[in-house]
Amino acid sequence: MSNEIILTLPDQSRISAKSGDTVYTVIGTIGKGLQKSALAALVDDRAVDLSMSLTESAPLKVITFDSQTGKDVFWHSASHLMAQAVKRLHPGAKLTIGPAIENGFYYDFDMDRALTPEDLEAIEGEMKKIVEEALEVTRQDLSKEEAKKLFSSIGESYKVEMLGEMKDDTVSVYRQGDFVDLCRGPHVPNTSYLKAFKLLSIAGAYWRGDERNRMLQRIYGIAFPEAKQLKAHLDFLEEAKKRDHRRLGRELDLFSVHDETGAGLILWHPKGARLRNIIEDFWRAEHYRNGYELVTTPHIGKSQLWEISGHLDFYNENMYSPMDIEGQDYYTKPMNCPFHIMMYKNRGWSYRELPLRWAELGTVYRYERSGVLHGLLRVRGFTQDDAHLFCRPDQMPEEIDRVLAFSLYMLRAFGFQDFNVYLATKPKEGAVGDDAMWESASRALGESLDRAGIAYEVDEGGGAFYGPKIDIKIKDVLAREWQCSTIQFDFNLPERFDMTYVDSDSKKHRPYMIHRALLGSLERFIGILIEHYGGRFPVWLSPVQATVLSVSDDEAGYVERLCGELNAQGFRVEPDLRNESIGYKVRDAIGKKVPFICVAGKKEAQEGAISVRKRGEKDSSAMRLEDFVALMKTEVDARR
């Protein structure tokens with residue numbers, strides 16, 4: 001038939017259709033269940049609406065909510081649903097942008113009054129009405145001038161401004177009932193698809209993220225195809241809220257941030273500093289054990305250093321303004337690597353002396369807008385778990401194997417067992433270094449992962465401009481993914497700094513340079529740890545491993561003596577001698593999530609014993625001090 005077209009499915013099977021059939025109709029021939037769950041489709045790798053007519057043979061892939069693309073389509077459609085409800089209830093509100101984001105969606109509105117939680121309830125109610133109306137969602141292609149006239153006529157000045165910046169002559173708008181929005185799409189076929197949703201919060205946001213522009217009101221939301229999925233997500237959010245490291249940081253007295261000292265700058269309280277020092281001590285010991293040397297570098301450096309490294313050209317927007325010292329510009333460091341390179345260049349190196357493994361817990365400073373700062377997870381000053389390896393090309397495979405194994409060992413030591421690993425390759429544009437170096441380094445990274453038996457995804461073109469890399473992302477107890485370890489080749493800095501070593505041929509050659517972070521930022525990693533454990537750190541990490549409670553003032557001396565003996569053996573134990581009831585003290589220790597709560601009353605003091613209650617258990621056990629020491633040692637050694 002002349003009007004027959006062939007559509008190739010992802011499994012390479014083929015189906016025939018008539019030219020002019022809609023995507024929705026064609027999916028129905030594959031299966032009614034698939035048709036019911038379809039949200040949009042990829043036709044020749046282009047995302048399209050289900051209502052689009054097919055006129056040519058092409059590859060076809062159905063988009064469902066199970067994929068990230070499907071979630072983006074669904075959540076973007078939900079943002080339009082919310083915006084329509086807002087416009088119905090507040091006709092004077094002006095639309096700006098409403099994208100799908102990592103976990104849901106938001107829409108920014110320019111409104112004359114501040115929204116309240118009660119407003120969210122009303123908006124949700126109106127959204128439910130629109131869902132019940134099952135309004136068809138349709139796409140319309142307009143010339144840019146036609147679109148300007150349309151949005152000008154309905155007073156949507158922000159859309160007109162956005163249109164003025166678009167380069168395309170033709171744009172698309174989407175309509176559903178009385179609502180129209182400027183959008184690329186695709187969207188779900190009608191509003192009845194969007195049954196399960198929840199508006200989560202209201203926040204302020206400047207137009208285009210610029211503090212000089214008008215403050216907008218941002219409404220965040222989430223949506224799912226089924227109510228049970230929404231309930232599961234809301235339960236997840238509630239659990240995440242309980243584990244929020246900012247709340248636990250206050251409750252456990254770990255850290256604080258103050259306007260007077262500066263946003264994004266962390267003050268570590270005694271218990272938080274103890275936790276941090278435990279991690280740092282473990283980090284240092286393991287680095288020495290794995291053949292590293294530790295170095296220390298300054299917090300500031302002359303502008304010349306950052307000019308050579310290229311940071312002033314490529315990274316200037318993330319650096320703070322310079323300070324003048326005797327007529328020279330100095331910058332707080334955003335990276336440690338140029339300092340390590342200058343140490344390398346302090347003298348010449350022979351091929352026999354390589355590899356060099358230099359590591360540092362170096363504090364760096366990077367500019368972040370105040371709106372993106374988030375507790376320990378996004379800060380302006382942080383300590384980078386940093387190392388740089390300098391090696392010969394023939395040493396590269398073994399060094400990658402070593403650092404990969406070390407990365408996984410360190411992450412597992414802190415209780416992380418699930419990883420997603422990515423191999424990021426040469427970007428299409430702007431890469432430095434010749435193709436042979438990129439190919440050799442990328443192959444070495446991939447072969448190392450293969451030798452280790454680690455499954456990974458290839459992130460085509462995802463490498464930095466200066467080299468390919470391995471990214472290791474951990475999964476926490478809530479299955480959230482966090483970027484921590486990175487193994488990164490650098491072809492740029494050795495060239496910029498003219499780094500060399502003398503090889504066996506008595507000629508100078510460039511060393512290979514590998515950037516490596518195991519934990520990433522210590523601040524961020526500790527924030528992740530707090531949320532992963534919900535503040536219930538394993539015994540080896542707990543700032544306070546045990547608290548000993550006195551029943552009355554008569555046992556104060558005995559309690560202090562016990563704590564002294566335990567601390568002398570390397571344990572972290574605190575006494576609680578307050579003039580409070582024992583029940584109050586126990587509840588307080590439970591709230592502080594102390595691994596062991598020990599009670600010493602008259603009987604224990606007479607018998608030289610303590611009553612020990614392990615975290616999470618209701619019953620206590622009487623034991624002698626030496627037995628408690630053995631128990632503590634067992635718990636601490638369980639780290640490995």
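None of the values given here were measured: they were computed from a predicted structure. Excluded from the calculations below are hydrogen atoms, water molecules and symmetry mates; all remaining heavy atoms, backbone and side chain alike, are included.
Between E399 and R357, at least one side-chain nitrogen of the basic residue sits less than 4.0 Å from a carboxylate oxygen of the acidic one, meeting the salt-bridge criterion. Under the 4.0 Å criterion applied to side-chain N and carboxylate O atoms, E238 and K242 are not assigned as salt-bridge partners. Salt bridge absent: K507 and D505 never bring a charged side-chain N and a carboxylate O closer than 4.0 Å. Using a 4.0 Å cut-off between charged nitrogen and carboxylate oxygen, D244 and R246 count as a salt-bridge pair. R284 and E293 are not joined by a salt bridge, as no carboxylate oxygen comes within less than 4.0 angstrom of a charged side-chain nitrogen. Between E398 and R451, no side-chain nitrogen of the basic residue sits less than 4.0 Å from a carboxylate oxygen of the acidic one, so the salt-bridge criterion is not met. Taking a cutoff of 4.0 Å between a charged side-chain nitrogen and a carboxylate oxygen, K592 and E251 do not qualify as a salt bridge. With respect to K302 and D329, no salt bridge is recorded, no charged nitrogen being found less than 4.0 Å from a carboxylate O. Salt bridge absent: K508 and D503 never bring a charged side-chain N and a carboxylate O closer than 4.0 Å. At a threshold of 4.0 Å, the pair E286-R289 counts as salt-bridged, since one of the basic side-chain nitrogens sits closer than that to a carboxylate oxygen. Using a 4.0 Å cut-off between charged side-chain N and carboxylate O, D498 and R510 make a salt bridge.
Checking E460 against T425 by side-chain atom types alone, a donor-acceptor pair falls below 3.5 Å. Judged by distance alone, the side chains of E481 and N420 do bring a donor and an acceptor atom under 3.5 Å apart. One side chain, R276 or T383, offers a donor N or O that lies under 3.5 Å from an acceptor on the other. With no hydrogens or angles considered, no side-chain donor-acceptor pair links Q328 and D324 at under 3.5 Å.
Put simply, the side chain of H388 does not reach to within 4.5 Å of the side chain of R516, judged on heavy atoms. Side-chain contact between E280 and L361: present, with at least one pair of heavy atoms (C-beta onward) separated by less than 4.5 Å. Side-chain contact check for L267 versus H258: some heavy-atom pair is nearer than 4.5 Å. By the 4.5 Å heavy-atom criterion applied to side chains, F497 and M513 are not counted as neighbours. Residues W358 and Y292 form no side-chain contact, since every pair of their non-hydrogen atoms from C-beta on lies 4.5 Å or further apart. With a 4.5 Å cut-off on side-chain heavy atoms, F236 and L478 count as touching. Contact annotation: the side chain of P338 never approaches that of I308 to less than 4.5 Å [non-hydrogen atoms, C-beta and beyond].
Between atom CG of residue D418 and atom CG of residue D476 there is a gap of 10.0 Å, rounded to the nearest 0.5 Å. The CZ atom of R392 sits 11.0 Å away from the NE2 atom of H509 when rounded to the nearest 0.5 Å. In this structure, D386 CG and L522 CG are separated by 11.0 Å, a value rounded to the nearest 0.5 Å.
Taking the ring centroids of Y501 and F390, they lie at or beyond the 6.0 Å cut-off.
Note on residues 418-455: pairs passing ring pair (Phe, Tyr, Trp, His ring centres under 6.0 Å), not counting sequence neighbours, are W438-F491.
Side chain of S448 to backbone of L445: no donor-acceptor contact under 3.5 angstrom is found.
Residues forming a side chain to side chain contact (heavy atoms under 4.5 Å, CB included) with A413 (at least two apart in sequence, or on another chain): F282.
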